[in-house]
Structures are given as structure tokens and as C-alpha cells.
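Here the structure is a predicted model, which means the values were calculated and not measured.
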Protein chains: 2
Amino acid sequence: VPQVNTISVKWSKGLQFNVHDEHGHTMIIDANKQVGGFDEGFHPAELLLVSLAGCMSMDIVSIVQKKGGQITSFETTIQGQRAEKHPKRFEKITLTFVCKGDYKRSDLLRAFELSRDKYCGVSATLRNAPDIEFKI
Amino acid sequence: VPQVNTISVKWSKGLQFNVHDEHGHTMIIDANKQVGGFDEGFHPAELLLVSLAGCMSMDIVSIVQKKGGQITSFETTIQGQRAEKHPKRFEKITLTFVCKGDYKRSDLLRAFELSRDKYCGVSATLRNAPDIEFKI
């Protein structure tokens with residue numbers, strides 16, 4: 001049986017929506033005031049960046065620790081460059097990982113490669129587009 | 001000058017991270033307890049679904065309203081089916097839009113098509129993979 005994740009996104013006011021996952025978490029997503037939002041939550045397109053950076057960061061921290069590394073801080077910065085014209089897709093994404101602590105550099109590099117190539121489902125989805133079906 | 005979005009993802013504890021966008025919003029992302037998380041926030045891969053559903057929902061609500069429609073409720077359900085083997089990419093995504101209120105059905109369908117084909121940057125990024133660069 002394939003694993004299915006379900007998310008619901010419900011309109012609240014302006015361009016603000018309440019989001020629920022199936023594990024009981026909730027969040028607000030919103031848009032800039034200039035386009036009719038209240039700017040009270042993360043913007044949808046930027047959550048694509050959160051998704052990729054979060055997925056790879058979790059993999060890397062987890063793998064370095066499993067190899068016996070002691071991490072004292074770990075921070076990922078992700079930058080997404082948008083096309084100038086609509087739909088303003090992300091043309092180029094840059095991730096910068098900064099890991100501090102007592103670990104082997106080779107373990108960090110291996111953890112990064114394993115995430116990129118083998119474990120991170122977000123990275124794999126961006127490389128290999130899913131089929132998308134709509135009901136309206 | 002192309003628009004660039006920047007997000008920072010900073011390790012907190014277990015597999016939990018604090019996320020900051022450049023507009024002052026913060027959120028927690030986390031993983032299941034089974035894999036070493038505290039399950040106190042959205043999971044990264046599921047945020048890919050939030051991103052796509054949110055982006056298209058905002059487009060559709062905005063366009064229907066600009067065409068004079070009165071929306072009383074709008075809810076999008078998005079389901080992502082994962083591959084069984086690592087990296088468990090999303091193989092198939094299904095979006096279901098439910099719009100209630102006083103509007104023309106043809107306006108809703110046109111708004112949906114405009115989002116899918118012309119306005120939604122997330123949809124466009126999933127169709128046309130970005131270049132991804134890493135610094136570590």
C-alpha cells in the first residue's frame with residue numbers, strides 16, 4: 001500500500017488560508033498586503049524552499065549523528081531566484097549548509113550526497129516531476 | 001534585477017528546526033518521533049504539498065473575486081502519493097478544489113486554468129525543474 005499524505009488548505013480572509021496536516025499541526029499561509037493578503041504567515045512559493053531545505057537538513061543532521069558526529073549548530077540558508085515573468089518559477093535554487101561541532105568532514109560530505117541522491121524525497125520530486133491531477 | 005527569496009532553517013533539537021523567512025515570519029518544522037523528531041511541526045515533504053495547494057488556492061480565490069464572484073468558502077485538499085522506496089518521491093499529486101458562493105462556474109474553471117498554466121510559480125517549478133546548487 002503506497003503512503004499518501006493529505007493536507008487541507010481552507011480560505012480564512014483576504015488571501016489568508018488555514019492549513020491542516022493529518023498529524024494535527026496547523027499553520028497560516030498568507031500573501032503580501034500589496035496583493036490582498038494580511039502578511040501574517042509564510043507565502044506558499046517560499047514554502048517550497050522550506051520544504052527542500054528542511055528535508056535535506058534533517059537527513060544531513062541525522063546521518064552525521066548516526067556516524068558518531070557531535071553537532072553543536074547546523075544552519076541551512078536557501079535562496080530561490082525567480083523568473084522575471086509570470087509564473088515566476090524558481091529558476092535557480094542555492095543551498096548553503098553550515099555545520100559546527102566535532103565530526104569528520106568526510107562524514108558531512110557523504111551525508112549531504114546521500115540526502116541529495118538517495119534519501120530526500122523533495123529533491124527527488126523536483127528532479128522528477130510528479131503526475132498532477134485536478135478535481136474542481 | 002531578478003527576485004530572490006531567502007529562507008533560513010536552523011537546527012533546534014532532535015530533528016526539529018526553526019525556520020525564518022525574510023518577511024519576519026517564523027515556524028517550526030519537525031519529524032515523526034519514530035525517526036527522532038518531536039512531531040511539533042509540519043514535516044518538510046508535506047510542505048511541498050502546502051506550497052502547491054496554497055499557491056493555486058490564492059490564485060483561484062483572487063481571480064474569481066476579481067471577476068465579481070462572491071466566495072463564502074473555499075477549501076483545497078491535496079494528496080501526495082509517495083513512492084514505496086527511498087527517496088519516496090511524490091509520484092502522484094491530486095488536488096481537489098471546493099468553492100462555495102455566488103460565482104460563475106466558467107469563471108472558476110478559467111481561474112483554475114490560469115493558475116495552473118500561467119500564474120502559479122510552484123506548479124511551474126514542479127513542471128520545469130530548477131537548477132540546484134549546493135555549498136557545504
Side-chain angles (χ1 to χ4, degrees), chain A residues 2-11 15 19 21 25 29 31 42 44-51 53-55 57-58 61 74-82 86-97 112 118-122 124-127 129-136, chain B residues 2-11 15 19 21 25 29 31 42 44-51 53-55 57-58 61 74-82 86-97 112 118-122 124-127 129-136:
Chain A
Q3 189 192 342
V4 175
N5 296 129
T6 304
I7 298 282
S8 107
V9 173
K10 196 169 184 177
W11 180 54
L15 292 179
V19 186
D21 71 9
H25 308 118
I29 55 173
F42 276 75
E46 294 176 49
L47 286 174
L48 184 72
L49 304 178
V50 177
S51 177
C55 181
S57 299
M58 285 187 192
V61 164
F74 189 95
E75 183 164 6
T76 302
T77 305
I78 184 165
Q79 293 195 303
Q81 182 179 313
R82 313 281 291 261
H86 282 296
K88 298 185 182 173
R89 62 179 274 274
F90 287 113
E91 291 181 316
K92 185 180 175 184
I93 293 176
T94 306
L95 289 111
T96 305
F97 305 102
F112 153 67
K118 191 169 177 183
Y119 289 120
C120 175
V122 178
T125 303
L126 286 172
R127 273 198 306 273
D131 292 326
I132 305 183
E133 185 176 275
F134 303 96
K135 297 177 185 178
I136 185 162
Chain B
Q3 189 193 343
V4 175
N5 295 131
T6 303
I7 298 281
S8 104
V9 173
K10 196 168 183 178
W11 181 54
L15 291 179
V19 185
D21 71 8
H25 309 119
I29 55 173
F42 276 74
E46 293 176 48
L47 287 174
L48 183 74
L49 303 179
V50 177
S51 176
C55 181
S57 298
M58 285 187 192
V61 165
F74 189 95
E75 183 164 5
T76 302
T77 305
I78 184 166
Q79 293 196 301
Q81 182 179 312
R82 313 282 291 260
H86 282 295
K88 298 184 183 173
R89 62 179 273 273
F90 287 113
E91 292 181 315
K92 184 181 175 183
I93 294 175
T94 305
L95 290 111
T96 305
F97 305 102
F112 153 67
K118 191 169 177 183
Y119 289 121
C120 175
V122 178
T125 302
L126 286 172
R127 273 199 305 272
D131 293 327
I132 304 184
E133 185 176 275
F134 302 96
K135 297 178 184 176
I136 186 163

Novice: Going from OG1 on Thr125(B) to CD on Glu91(A), what distance comes out if it is rounded to the nearest 0.5 angstrom?
Specialist: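 Answer rounded to 0.5 Å: 9.0 Å.
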
Novice: Could I get the full list of salt bridge (charged side-chain N to carboxylate O under 4.0 Å, His left out) partners for Lys92(A), not counting sequence neighbours?
Specialist: Glu133(B)

Novice: Using 0.5 Å steps for rounding, measure from the CZ atom of Phe90(B) to the CD1 atom of Ile132(A).
Specialist: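 If we round to the nearest 0.5 Å, Phe90(B):CZ and Ile132(A):CD1 are 11.0 Å apart.
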
Novice: Which atom pair, heavy atoms only, marks the closest approach of Ser51(A) to Pro44(B)?
Specialist: OG-O, 2.8 Å

Novice: Roughly how far, to the nearest 0.5 Å, is the CG atom of Leu47(B) from the CD1 atom of Ile7(A)?
Specialist: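 Answer rounded to 0.5 Å: 7.5 Å.
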
Novice: List the atom of Pro87(B), the atom of Ala124(A), and the distance in Å for their closest heavy-atom pair.
Specialist: CG-CB, 3.3 Å

Novice: Got a second to check how far Glu46(B)'s CD is from Asn5(A)'s CG, nearest 0.5 Å?
Specialist: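 Those atoms lie 4.0 Å apart.
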
Novice: Under 4.5 Å from any heavy atom of chain B, what part of Cys55(A) do you find: side chain, backbone, both or neither?
Specialist: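 Both parts, backbone and side chain.
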
Novice: What residue in Lys88(B), Arg127(B), Glu75(B) has the most heavy-atom pairs under 4.5 Å with chain A?
Specialist: Glu75(B)

Novice: Side-chain contact test, heavy atoms from C-beta onward, threshold under 4.5 Å: evaluate it for Asp131(B) versus Ile93(A) and give yes or no.
Specialist: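 A side-chain contact under 4.5 Å is absent here.
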
Novice: Do you know which two heavy atoms are closest between Val9(B) and Ser57(A), and how far apart they sit?
Specialist: CG1-OG, 4.2 Å

Novice: What residues, two or more places apart in sequence or in another chain, satisfy ring pair (Phe, Tyr, Trp, His ring centres under 6.0 Å) together with Phe74(A)?
Specialist: none

Novice: Side-chain contact, heavy-atom cut-off 4.5 Å: Met58(A) with Ile29(B)?
Specialist: yes

Novice: Is there a side-chain contact between Val19(B) and Phe42(A) in this structure, where contact means two heavy atoms from C-beta onward sitting under 4.5 Å apart?
Specialist: yes

Novice: Is a donor on one side and an acceptor on the other found under 3.5 Å between the side chain of Arg89(A) and the backbone of Leu126(B)?
Specialist: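 A pair under 3.5 Å: no.
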
